2 protein chains.
Amino acid sequence: MVTRLSNYFLRTLREDPSDAEVASHRLLVRAGYIRRQAPGIFAWLPLGLRVKSRVEQIVREEMAAAGALEVHFPALMPREPYELTGRWEEYGENLFRLADRKGADMLLAPTHEEAFTLLVKDLCTSYKDLPLTIYQIQDKYRDEARPRAGLLRGREFTMKDAYSFDYTDAGLDASYQKQRDAYERIFSRLGLDYVIVKADAGAMGGSKSEEFLHPTPVGEDTFVHSAGGYAANVEAYTTLAPAPESVEGKGEATVFDSPDTPTIATLVELLNARHPNPDGRVWTAADTLKNVVLALTHLDGTRELVVVGVPGDRDIDMKRVEVAFAPSEVEAATEEDFAKHPALVKGYIGPWSAEGAVLGAESASGVRYLLDPRIVDGTAWVTGANEDEKHVLSLVAGRDFTADGVIEAAEVRAGDPAPDGSGPVELSRGTEIGHVFQLGRKYAEALGLQVLDENGKLVTVTMGSYGIGVTRALALIAELNNDDKGLVWPKAVAPFDVHVVATGKDTAAFDAAATISEGLEQAGLDVLYDDRPKVSPGVKFGDAELIGIPTIVIAGRGVKDGLVELWDRRSGERTQVAIEKAVEALTTAR
Amino acid sequence: MVTRLSNYFLRTLREDPSDAEVASHRLLVRAGYIRRQAPGIFAWLPLGLRVKSRVEQIVREEMAAAGALEVHFPALMPREPYELTGRWEEYGENLFRLADRKGADMLLAPTHEEAFTLLVKDLCTSYKDLPLTIYQIQDKYRDEARPRAGLLRGREFTMKDAYSFDYTDAGLDASYQKQRDAYERIFSRLGLDYVIVKADAGAMGGSKSEEFLHPTPVGEDTFVHSAGGYAANVEAYTTLAPAPESVEGKGEATVFDSPDTPTIATLVELLNARHPNPDGRVWTAADTLKNVVLALTHLDGTRELVVVGVPGDRDIDMKRVEVAFAPSEVEAATEEDFAKHPALVKGYIGPWSAEGAVLGAESASGVRYLLDPRIVDGTAWVTGANEDEKHVLSLVAGRDFTADGVIEAAEVRAGDPAPDGSGPVELSRGTEIGHVFQLGRKYAEALGLQVLDENGKLVTVTMGSYGIGVTRALALIAELNNDDKGLVWPKAVAPFDVHVVATGKDTAAFDAAATISEGLEQAGLDVLYDDRPKVSPGVKFGDAELIGIPTIVIAGRGVKDGLVELWDRRSGERTQVAIEKAVEALTTAR
């Protein structure tokens with residue numbers, strides 16, 4: 001089809017939008033692809049809608065190739081199913097909630113696990129109805145606290161969400177793999193680099209979970225990876241615990257005075273000055289045990305203090321801590337929290353005191369105590385003695401103190417070992433573009449989805465959930481494909497295949513441009529033809545560069561010599577070609 | 001493409017859904033096209049989504065042919081623009097409202113006039129940017145008080161809404177006509193009969209408005225039409241007022257006793273018995289003036305009593321009254337209202353009493369008085385005298401009483417004259433399938449949309465608004481195209497072109513069916529192939545009839561003789577054809 005710019009709804013802007021932080025936001029607005037409606041909420045203009053349709057088409061083709069069937073659910077859903085799975089509460093303020101005229105609670109669905117589960121429960125009764133993978137491409141709403149970066153983190157976005165249903169674990173593995181393979185094909189076709197990393201299943205529940213991250217220094221997510229092939233979201237990294245040690249020969253726990261040691265560094269300094277290490281080594285922060293007091297707010301509104309112990313050379317990573325405690329919310333303990341727990345001596349907190357156990361569900365304080373996996377039985381630590389200005393030396397795990405459990409709370413650092421033994425890890429940043437989950441039976445159990453198996457026995461269905469952020473992927477493509485002049489779309493998703501520009505006052509140029517546009521149309525290409533009269537060549541070229549269609553044809557002064565110019569937007573290369581050869585040159589070059 | 005039913009997500013139901021009132025709802029649910037999620041809110045299953053896509057595709061093609069460009073707005077919009085145009089209030093309880101986490105008011109947009117106006121204001125500055133018509137196909141939400149009839153009146157529905165922008169009235173006329181023409185083409189292609197009727201612009205404001213009604217006895221709307229070509233929604237019908245008469249020679253207003261006349265009929269009986277008509281005619285209800293007391297609730301919350309006078313032989317039509325008073329709400333006056341207005345003597349209300357004017361802004365009561373257009377100056381009436389058990393004879397309009405205005409409140413009856421002189425009208429029922437509005441400058445003025453004209457002068461833009469209920473149209477097509485076995489889709493919107501059914505245990509039948517399916521695919525047709533093993537022919541045929549694909553191919557017992565059956569779903573006609581001729585027969589028949 002040939003679309004004439006003189007009749008098209010396109011207004012490019014000279015100024016960057018004042019709220020644009022990233023290139024994709026800036027350029028998609030300036031080039032007339034999207035317009036802001038409210039914080040994190042955008043309208044799609046004709047050019048933008050074309051690119052979005054092409055991205056969606058690629059997703060649809062690969063979903064079909066993976067045997068997934070398309071359905072469509074409304075954004076507005078009733079509360080009840082989300083109540084049954086706990087998500088009505090768990091999503092907290094991220095959920096848009098409303099009541100209808102009769103007072104019935106409803107929500108704008110962040111994803112549709114519940115609805116898909118109920119649909120399958122409604123319609124499927126037998127193992128013969130499975131496996132089944134159904135998906136939708138749908139506009140979703142999440143009330144982000146800080147919508148930003150244009151489409152990259154909005155409050156409204158288009159998502160492809162797929163759900164698989166199987167009655168055996170092996171079936172789920174196969175369905176999961178099909179979607180995972182489809183994702184690899186989709187991101188390859190979109191030209192988006194990706195790393196597949198282990199992920200924490202988080203609020204979605206379930207057992208196995210992987211994220212597709214696009215590696216970029218400005219990404220919001222951190223992931224770890226080893227040369228040997230390990231890759232995980234930092235929240236999903238698991239620490240390689242050392243083997244327990246024998247307590248034999250370990251010195252007695254010894255309390256010592258430690259005035260003026262507000263930090264681990266000052267404590268280590270004091271140790272090396274006054275209490276030389278019996279084994280001759282210089283003390284380091286790694287010899288100390290740091291106890292961090294956190295306050296959890298559980299879904300039922302109750303507040304609980306917990307203490308997390310990590311080696312003193314590591315900070316805790318709040319993102320990892322949040323995942324560890326989800327769906328409860330977590331923050332640093334406040335003065336008020338401390339006031340309520342006088343057993344905890346701030347600045348000198350440890351699991352032990354001369355008078356007995358201080359931390360742990362069974363202790364005097366009753367405060368839960370969770371330990372980093374490195375703090376294995378038999379290891380000796382320097383830590384707070386629960387007395388003002390006192391610490392304790394040679395406090396041995398398993399002998400002098402025990403914990404209520406293990407927690408992945410410490411920061412992950414470059415050089416830490418990959419848990420699969422594949423060597424030390426590096427840390428990199430990325431942006432999530434896809435997520436595949438094995439939900440397992442959580443939703444099916446909560447909503448009662450069972451089918452009859454081959455033996456006529458009712459079995460609970462096992463599910464997977466698979467998401468791609470369609471509009472985020474589009475924004476990332478724009479983020480990766482631009483220069484100082486504007487956007488540079490890859491051919492797979494460009495709004496048009498060719499941008500034909502007629503310049504000057506010579507009608508011959510416009511005639512040549514029209515002829516070439518029609519020829520390209522006949523060859524099956526989508527053409528944007530800039531036929532605007534009385535617009536200067538400079539403005540037309542500027543618009544063409546800003547819009548970023550990969551191939552531009554210029555019919556201008558050369559037309560009188562029978563020539564037009566082919567302009568490759570990405571390389572900037574311009575070549576002259578005879579008017580009558582232009583269509584052939586463009587269709588064979590593709 | 002060939003879609004194999006063994007891998008498809010389709011479960012037909014034997015039972016009608018218990019809440020289904022109409023055939024389309026019943027069959028679309030039973031045949032696996034849609035599933036209910038909440039009152040008036042449905043999910044689209046794979047078959048349904050296919051039909052919906054085909055309807056949308058027809059709309060898109062005709063919008064493109066009319067020069068309209070597609071955009072897409074979010075459903076979730078901020079309150080402010082709807083506040084500026086008054087619609088935030090006017091939509092009342094029909095609007096889904098919510099607040100975001102920061103307390104900002106938002107809504108699920110019922111239509112997007114405001115957003116489109118602001119978009120054009122944002123991007124267009126000159127008459128050169130116009131005319132412009134932009135549209136979207138978008139999921140809309142309205143909190144209907146009584147969602148019913150499945151997709152015909154839901155709380156969520158897909159709508160095509162287009163908006164035109166012009167800077168001259170002639171331009172608006174042309175843009176309006178283009179959309180109107182496109183609508184005629186769309187409904188013709190969808191096989192939906194329509195009548196174009198004058199409509200009241202209602203809450204949308206504006207000057208000219210027409211509805212496309214599909215005539216059906218079960219329709220919610222009543223429209224009037226004359227043999228001479230007049231057609232109007234009953235709310236938009238305007239009464240042909242007679243010429244004023246001379247008051248000369250009209251008798252004096254005369255109060256008479258009228259005990260026991262609770263109704264117009266008893267009053268007329270009394271008149272004929274005791275007060276013979278001076279001109280010799282028998283009194284009829286049409287000689288009396290009926291005064292109906294209504295209570296308005298205005299947008300600002302204030303309550304106002306008004307009295308509407310109509311000839312005594314007509315009831316008032318509350319739908320017409322509602323339109324006349326919109327956006328205020330209207331109901332019958334309550335006892336409490338009467339108690340507050342002692343000047344109105346219930347049962348004997350009239351505009352006049354022996355002591356002076358009773359009704360009208362200037363009267364003692366101060367209650368507004370509005371008259372039916374038939375009550376012209378010089379006409380004499382029998383009406384209440386504002387005293388218990390008293391009426392008045394020969395009360396002459398313009399001499400004895402005046403009103404504050406004219407109102408279209410009386411019911412319209414078959415035989416009433418068309419206002420354009422084209423003869424008496426008939427009344428019929430229909431369902432709205434499209435609506436074209438000339439909004440004029442209302443929205444542009446409220447939101448400040450102006451452009452520079454040819455003379456460099458700022459002019460306010462004039463707009464049109466054009467809607468098609470996509471999912472309602474789909475439901476109507478289903479409503480019109482079914483029989484006692486199931487759906488019978490027209491070819492233009494059928495989910496697949498051909499339904500191939502293999503029956504029996506003979507693999508030759510399945511081989512023949514597969515070959516034919518592939519042949520049809522190569523001919524560019526979409527094929528649903530029922531390849532389910534171990535499903536009886538009866539079940540397969542029943543499903544085929546229920547699903548309603550227009551052409552069915554049966555590969556069964558005849559295959560051993562080289563034959564398959566072609567089955568026309570609509571006519572029920574079955575013809576045998578050689579296997580190798582089947583594809584040709586089906587592709588040339590189309």
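Quick caveat: nothing in here was measured; it's all calculated off a predicted structure. Below, chain A is the first sequence line, B the second, and so on; all start at residue 1.
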Between B:His72, B:Met1, B:Arg50, which shows the greatest number of heavy-atom pairs under 4.5 Å with chain A?
-> B:His72
Take atom CD of B:Glu454 as the centre, draw a 6.0 Å sphere, and report whether it contains more than 12 heavy atoms from other residues, nucleotides or ligands.
-> yes
Residue A:Glu83 excluded, over 12 heavy atoms near CD under 6.0 Å | yes
Which bit of B:Tyr141 comes within less than 4.5 Å of chain A, counting heavy atoms only: side chain, backbone, both or neither?
-> side chain
Check each atom of B:Arg35 against the heavy atoms of chain A and say whether the ones under 4.5 Å are side chain, backbone, both or neither.
-> side chain
Non-hydrogen atoms of chain A under 4.5 Å away: do they reach the side chain of B:Leu132, the backbone, both or neither?
-> side chain
Between B:Arg101, B:Met77, B:Arg11, which shows the greatest number of heavy-atom pairs under 4.5 Å with chain A?
-> B:Arg101
Interface check, chain A: of B:Lys102, B:Glu144, B:Glu80, most non-hydrogen pairs under 4.5 Å belong to B:Glu144
Identify which of B:Asp129, B:Thr133, B:Asn94, B:Asp139 forms the greatest number of heavy-atom pairs closer than 4.5 Å to chain A.
-> B:Asp129
Side chain from CB out, backbone as N, CA, C, O: work out which of these in B:Leu108 comes under 4.5 Å of a heavy atom of chain A, or both, or neither.
-> side chain
Verify the neighbour count for atom CD of B:Gln57: are there more than 12 heavy atoms of other residues, nucleotides or ligands below 6.0 Å?
-> yes
Side chains of B:Leu45 and A:Ile134: closer than 4.5 Å at any heavy-atom pair?
-> no
Is it the backbone or the side chain of A:Leu76 that comes under 4.5 Å from a heavy atom of chain B, or both, or neither?
-> both
Report the option among A:Tyr8, A:Phe96, A:Trp44 that has the most heavy-atom pairs separated by less than 4.5 Å from atoms of chain B.
-> A:Trp44
Of all of B:Pro46, B:Pro78, B:Pro74, which one pairs up most often with chain A through heavy atoms under 4.5 Å apart?
-> B:Pro74
Part of B:Ala75 within contact of chain A (heavy atom distance under 4.5 Å) | both
How long is the gap from CD on A:Gln136 to CG on B:Leu49, to the nearest 0.5 Å?
-> 9.5 Å
With a 4.5 angstrom heavy-atom cut-off, which part of B:Met106 approaches chain A: side chain, backbone, both or neither?
-> side chain
Measure distances from B:Phe42 to the heavy atoms of chain A and classify the residue's part below 4.5 Å as side chain, backbone, both or neither.
-> backbone
Using a cut-off of under 4.5 Å for heavy-atom pairs, which of A:Glu93, A:Lys52, A:Lys128 has the most such pairs with chain B?
-> A:Glu93
With a 4.5 angstrom heavy-atom cut-off, which part of B:Glu156 approaches chain A: side chain, backbone, both or neither?
-> side chain
Residue B:Arg97 versus chain A: region with a heavy atom under 4.5 Å | backbone
Tell me, yes or no, whether the heavy-atom count around A:Lys178 atom NZ, taken from other residues, nucleotides or ligands under 6.0 Å, exceeds 12.
-> no
Under 4.5 Å heavy-atom distance to chain A, tell me which part of B:Ala145 shows up: side chain, backbone, both or neither.
-> both
Do the non-hydrogen side-chain atoms of B:Leu123 and A:Leu13 ever get within less than 4.5 Å of each other?
-> yes
Measure across B:Phe9 and A:Val71 and return the closest heavy-atom pair with its distance rounded to 0.1 Å.
-> CD2-CG1, 4.5 Å
